[in-house]
Number of protein chains: 2
Amino acid sequence: MAVAVGKGGVLELAVLGSLNETPLHGYELRKRLNALLGMFRAFSYGSLYPCLRQLLVNGLITEEPPEETAATTAAQAARDASPPLAGRRSKIVYRLTAEGKERLQHLLTQAGPSAWEDESFGVHFAFFRHTEAEVRLRILEGRRSRLEERLDAVRTALARTRERLDSYTLELQRHGLESVEREVRWLNELIDTERAQAVRATTERADARDAEPLSDKPNE
Amino acid sequence: MAVAVGKGGVLELAVLGSLNETPLHGYELRKRLNALLGMFRAFSYGSLYPCLRQLLVNGLITEEPPEETAATTAAQAARDASPPLAGRRSKIVYRLTAEGKERLQHLLTQAGPSAWEDESFGVHFAFFRHTEAEVRLRILEGRRSRLEERLDAVRTALARTRERLDSYTLELQRHGLESVEREVRWLNELIDTERAQAVRATTERADARDAEPLSDKPNE
DNA sequence: GTTAGCATGTAAGGAGTTACATGATTTT
DNA sequence: AAAATCATGTAACTCCTTACATGCTAAC
């Protein structure tokens, strides 16, 4: 503890989450990330590499220096000897450490604005598989109320507006509202599904308990 | 010219565009902006006031110091005399100058990535009323191809993926794709409408020309 | 008389991007 | 042998946010 951890970007979570699935080198990591989140955001190398560096310094990942394959060594050996071992261009594979996994778990447990704001929600959702059911639910609900606040704010502001707007402004409002409403409906479905699963889980546990001879609550 | 103009944030356009409709003071300007663009982004005072300051320095807006209303003067007169005229808290109304209008027109003529990227498209669209038809069309098409690129990129990346994804990742992909596809359809409709209007406009001009006795192109 | 909303600002800093620089490997 | 793609990295910068600081005015 007190390791002066994370500066709270989404990138950190995205990187740790990806490396949790499988070790990767920077270039491919970025491709994966942009394939996974491409509809919501895209990261550049200019942010990715410094992030990896920082994670390395913090001990959350380890770098496996390019293994000396036959090909690499042979090609290198020809004009080596003078450059000690600097300037070696090859893949640097990063792997999550135990601390890294801990940190990832910590980040995935955070159910706050940092999880449901526009920039971060997608990333958090992408790793829901590794998130506790309860936290998932709170994030989905958090996002939903965030969006509903927004709808309220814009709608009441719109209602108070004296001058009527031109057709472009109007069309933008309409499209914006519709998009957000759609996402709210989507969230509603997801929340229902999550709740149903939670119920099923408790029911199963209840069933198991009912089967026990010493059950506390036989009926109810 | 060579006034070392604009650093290219969307805020500048949003402010100039709003002040073009009617003079406003900072506080209300922000409310308007967030009502207009609330579904897409929100600005804070911490960015708005410095922006206004900069626009003022650049001569794109003027500030009308709080007019000395009867109420203000009366209340102030009681304990005035010592504070010369500093620390006066009241509305500061900003108004667009001729240079400001020029600058706004310039910004609205830019049909490039700065107009159709995620952060800026909404703002540009919001002021389409003051944008030339041709520029409008190019921005809409630019945004559409931007989104289509994104769809392509994600879809081909998805197709190349070996391992099949968990249900959350899948659901995120599905929702993301669907949202972007929806926006593309929306853009298609808008583009069609714009084109129809353009055709109507040229037809009218052609009709007018055909009516002329000395028309160059009688048939074709 | 105190909370809530109106009104204006500043300092510090966050989370990235762009543009650049370099070089290896594969494809054409 | 040229072009494309793979691969890693840095410096400078951008645009905006957060948190703070201040004070007026209206409503309860």
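Letters A, B, ... mirror the listed sequences (proteins, then strands); counts begin at 1.
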inquiry  = Determine whether B/E163 and A/R32 satisfy the following criterion, salt bridge (charged side-chain N to carboxylate O under 4.0 Å, His left out), listing intermediate values before the conclusion.
reply    = CA-CA 12 Å; B/E163 335 122 51; A/R32 291 252 183 151; 3.5 Å; yes
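Put simply, CG on A/L55 is 13 Å from P on D/dG9, counting in whole angstrom units. D/dG23 atom C1' lies 13 Å from atom CD1 of B/I92, rounded to whole Å. D/dT8 atom P lies 10 Å from atom CD of A/E63, rounded to whole Å. In this structure, B/Q54 atom CD and C/dG9 atom C1' are separated by 15 Å, rounded to whole Å. If you take CZ of B/R53 and P of C/dT8, they are 13 Å apart, rounded to a whole angstrom. Following rounding to the nearest Å, B/L52 (CG) and C/dG9 (C1') show an atom-to-atom distance of 11 Å.
Using a 4.0 Å cut-off between charged side-chain N and carboxylate O, A/E183 and A/R150 make no salt bridge. Salt-bridge annotation for B/R174 and B/E171: present, with a side-chain N of the basic residue lying under 4.0 Å from a carboxylate O of the acidic one.
Considering only residues two or more places apart in sequence or on other chains, B/E181 meets the salt bridge (Lys or Arg N to Asp or Glu O under 4.0 Å) condition with B/R155. In this structure A/E194 satisfies the side chain to side chain donor-acceptor pair (under 3.5 Å) test together with A/R136, B/Y168, sequence neighbours excluded. B/R185 is linked by a salt bridge (Lys or Arg N to Asp or Glu O under 4.0 Å) to nothing, counting only residues two or more places apart in sequence or in another chain. Shown here are the salt bridge (Lys or Arg N to Asp or Glu O under 4.0 Å) partners of A/R144, two or more places apart in sequence or in another chain: there are none. For B/E148, there are no side chain to side chain donor-acceptor pair (under 3.5 Å) partners two or more places apart in sequence or in a different chain. For the side-chain contact (heavy atoms from CB on, under 4.5 Å) test, residues two or more places apart in sequence or in another chain that qualify with B/P23 are B/V93, B/R95. Take B/R53 and apply the side chain to side chain donor-acceptor pair (under 3.5 Å) test, not counting sequence neighbours, and it matches no residue. For A/E102, the salt bridge (Lys or Arg N to Asp or Glu O under 4.0 Å) test picks out no residue, with sequence neighbours left out.
Where the helix from C/dG1-D/dC28 to C/dT28-D/dA1 starts and where it ends, the local axes point in directions that differ by 40°; five pairs per end, rounded to 10°.
Near DNA chain C, meaning a heavy atom under 4.0 Å from it, residues 108-127 of chain B has no residue at all. Interface residues of residues 21-40 of chain A facing DNA chain D, ordered by number: A/H25, A/G26, A/Y27; criterion, heavy-atom separation under 4.0 Å.
Each of C/dT10, D/dC16, D/dG9 was ranked by its minimum atom distance to the side chain of A/Y49; first place goes to D/dG9.
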Check: protein-nucleotides 17-20 of chain C nitrogen or oxygen pairs below 3.5 Å:
| from | atom 1 | to | atom 2 | distance (Å) |
| --- | --- | --- | --- | --- |
| C/dT17 | OP1 | A/A42 | O | 2.7 |
| C/dT17 | OP2 | A/S44 | N | 3.2 |
| C/dT17 | OP2 | A/S44 | OG | 2.7 |
| C/dT17 | OP2 | A/S47 | OG | 2.8 |

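Counting heavy atoms from C-beta outward, A/L147 and A/W116 have side chains that stay 4.5 Å or more apart.
Considering all non-hydrogen atoms of both residues, A/G122 and B/L172 come closest at O-CD2, 3.5 Å.
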